[in-house]
Colleague: 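This is the structure I want to talk about, given as structure tokens.
Quick note: residue numbers are just sequence positions, from 1.
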Amino acid sequence: MFFLRMVYRSFSRQLRRRLLIAVTVCLSASIAVAMLGIVFDVGDKLNAELSTYGSNIVVQPKSDAVVSELYGGDQSGTAASSSGQDPTAFLAESEVPKLKTIFWAYNITNFAPELTIHVDVTTGGAKSEQVPLVGTWFNKTLNLNSGETTVVGVQGMRSWWSVEGNWPKDDTAQAMLGKDLATRLDVSVGQSIQLSKNDASQSIQVVGIFDSGDDDNSAIYLPSSVAQTLAGLPDQINRIEVKALTTPENDLARKAAKNPAALSQDEWETWYCTAYPSSIAYQIEEVLPDAVAKQVRQVAALQGNVLNKTSAVMILMTALSLLAAAVAVANLMAASISERSAELALLKAVGATDGAVSRLMLMETATISLIGAIVGSILGVGVAQIVGHVVFGSGVTMRPMVFILVFVLLAVTVLAASASTIRSILHVHPAEVLHGR
């Protein structure tokens, strides 16, 4: 009975240690799969999340772009922060849908043309003031030559605006006023205002009042067709805001941004076929030859920095989990071999070689680790989906490369953790162990 009790206790200890190895590998695999899965998928999600706070590419007529370069104009400036002068260079609004014909068309998620002018506003209370006005698209459906349809406009590009009332409908005499302007004019939702410029005049219904948190609070936003009629500029715009999913810049992208002609053929093909802000801007200029497309540097830099730092944190967490797994597996195997020294000595006494005993231990550890890795991978997928829905509002696409990489890393980790422990088998002398020495 005593012997059976000892065997049972020994078996229970070995079972517990094997279970601990499986659990350790399982936890490490789940963390690695979740973190690397997010790393491989986080680029588009972070760019989409950050781009909700504005465009990252601005398209202007060539002459306006030259002036901006010379005098340091802010490409991302709002309507209300303009110089007070109406634009003198224009692009054709009818050409704007060509943005969806470039190589990276699917990366362009939204865009909106703008015509910024200054008009006189008269309210029912006889208050009059000259204010900046932006004619644009709000939620416009475009039927593309490819047969596809897409919905674009500032409604999707100004998601952070706090809006009282509704957004205007395209091609209607509706407008929305900035909060500060509405306060100065004492105008509320549902009222009408009179807009005039030169000899043109238009009665407009205010359907919304917005709070943008910037100088746009002193501007009027209305459909571009109404602004063009007031200004006598049919089919004319002076700027296009573009929101695109982009890849963070590297040395190649920065070199190309300065002068694409300086690239070698291989460099040019790599740059052109990668969604860098500069390559998307270059392709926009190809379909709009009278325009200059510039990336908004602050937005592009923010996207790149946040992406790099987020990826670094997740990779560090993966590395730390693998390191913890290596230490835990090494300690558990050392304890297991110490407890099983009599069993290993007996195997060697009946003729098993050191290599055979080592392979037996490695195979046992590998089998336990494989089971833990499979279970951990399944858990990791679940964790990644939870993180994706909580942080980004959508699931994470798990790429096969993630599982291959995790299994390779775990195999190397377990092998490295087992190496030092397996060497101790070579020092097991059957005669000494079996005689209790």
Colleague: Rounded to the nearest 0.5 Å, how far apart are CG of Asp180 and OG of Ser218?
Modeller: 5.0 Å
Colleague: Check this for me: Asn259, atom CG, are more than 12 non-hydrogen atoms of other residues, nucleotides or ligands nearer than 6.0 Å?
Modeller: yes
Colleague: Could you check Val396 against Val387 for side chain to side chain contact (heavy atoms under 4.5 Å, CB included), going step by step and ending with a plain yes or no?
Modeller: CA-CA 8 Å; Val396 173; Val387 172; 5.9 Å; no
Colleague: Of the non-hydrogen atoms in Ile209 and Ala182, which two are nearest, and what is the gap between them?
Modeller: CD1-CB, 3.8 Å
Colleague: Kindly write out the residues that satisfy side chain to side chain donor-acceptor pair (under 3.5 Å) with Asn250, not counting sequence neighbours, or none if the list is empty.
Modeller: Tyr276
Colleague: Say whether, by atom type as modelled, one donor and one acceptor occur between the side chain of Thr136 and the main chain of Pro113 under 3.5 angstrom.
Modeller: yes
Colleague: Nearest 0.5 Å please: distance from the OG1 atom of Thr101 over to the CD1 atom of Ile284.
Modeller: 10.0 Å
Colleague: For a side-chain hydrogen bond (donor to acceptor under 3.5 Å, both in side chains) check, start with the C-alpha distance between Asp214 and Ser212, then their side-chain angles and the critical distance, and finish with the verdict.
Modeller: CA-CA 5 Å; Asp214 55 27; Ser212 64; 2.5 Å; yes
Colleague: Side-chain contact test, heavy atoms from C-beta onward, threshold under 4.5 Å: evaluate it for Leu142 versus Trp137 and give yes or no.
Modeller: yes
Colleague: Sequence neighbours excluded, which residues qualify as side chain to side chain donor-acceptor pair (under 3.5 Å) partners of Glu148?
Modeller: Tyr106, Ser146
Colleague: Taking atom NZ of Lys140 as the centre, does the number of heavy atoms from other residues, nucleotides or ligands within less than 6.0 Å exceed 12?
Modeller: yes
Colleague: Pick from Ile374, Ile368, Thr367: which one makes a side-chain contact (heavy atoms from CB on, under 4.5 Å) with Leu370?
Modeller: Ile374
Colleague: So do the side chains of Leu316 and Met35 get within less than 4.5 Å of each other, counting heavy atoms only?
Modeller: no
Colleague: How many angstroms lie between atom CG of Leu409 and atom CG of Leu322, to the nearest 0.5 angstrom?
Modeller: 5.5 Å
Colleague: Provide the closest heavy-atom pair for Gln174 versus Leu222 in the form atom of the first, atom of the second, distance.
Modeller: O-CB, 3.4 Å
Colleague: Hey, could you give me the CG/CH2 distance between Asp211 and Trp160, rounded to the nearest 0.5 Å?
Modeller: 12.0 Å
Colleague: Apply the test side chain to side chain contact (heavy atoms under 4.5 Å, CB included) to residues Ser377 and Phe407: give CA-CA distance (whole Å), side-chain angles for both, the deciding distance (0.1 Å), then the verdict.
Modeller: CA-CA 9 Å; Ser377 297; Phe407 274 76; 3.4 Å; yes
Colleague: Got Val163 and Met176 here, is their nearest side-chain heavy-atom distance under 4.5 Å?
Modeller: yes
Colleague: Is the closest side-chain heavy-atom distance between Asn107 and Thr246 below 4.5 Å?
Modeller: no
Colleague: Backbone N or O of Thr116 within a donor-acceptor pair of the Asn238 side chain at under 3.5 Å?
Modeller: yes
Colleague: I'd like to check Val381 versus Phe403 (side-chain heavy atoms, cut-off strictly below 4.5 Å). Are they in contact?
Modeller: yes
Colleague: Is the shortest side-chain heavy-atom distance between Glu114 and Ile237 below 4.5 Å?
Modeller: no
Colleague: Is the shortest distance from a Lys or Arg side-chain nitrogen in Glu241 or Arg239 to a carboxylate oxygen in the other one below 4.0 Å?
Modeller: yes
Colleague: Under the ring pair (Phe, Tyr, Trp, His ring centres under 6.0 Å) rule, collect the residues that match up with Tyr272, sequence neighbours excluded.
Modeller: Trp268
Colleague: Run Lys100 and Phe111 through side chain to side chain contact (heavy atoms under 4.5 Å, CB included) and show every step you take.
Modeller: CA-CA 10 Å; Lys100 294 296 283 185; Phe111 53 87; 3.7 Å; yes
Colleague: Can you tell me if Asp86 uses its side chain to pair, donor with acceptor, with the backbone of His118 under 3.5 Å?
Modeller: yes
Colleague: To the nearest 0.5 Å, what is the distance between CD on Gln155 and NZ on Lys169?
Modeller: 11.0 Å
Colleague: Side-chain contact, heavy-atom cut-off 4.5 Å: Ser28 with Leu410?
Modeller: yes
Colleague: Under the 3.5 angstrom rule, does the side chain of Asp170 hit a backbone N or O of Asn139 as a donor-acceptor pair?
Modeller: yes
Colleague: Would you compute the distance between atom CG of Leu36 and atom CD1 of Ile404 and round it to the nearest 0.5 angstrom?
Modeller: 12.5 Å
Colleague: Is there a side-chain contact between Tyr221 and Trp167 in this structure, where contact means two heavy atoms from C-beta onward sitting under 4.5 Å apart?
Modeller: no
Colleague: Give the minimum heavy-atom separation between Val154 and Ala112, together with the two atoms involved.
Modeller: CG1-CB, 3.7 Å
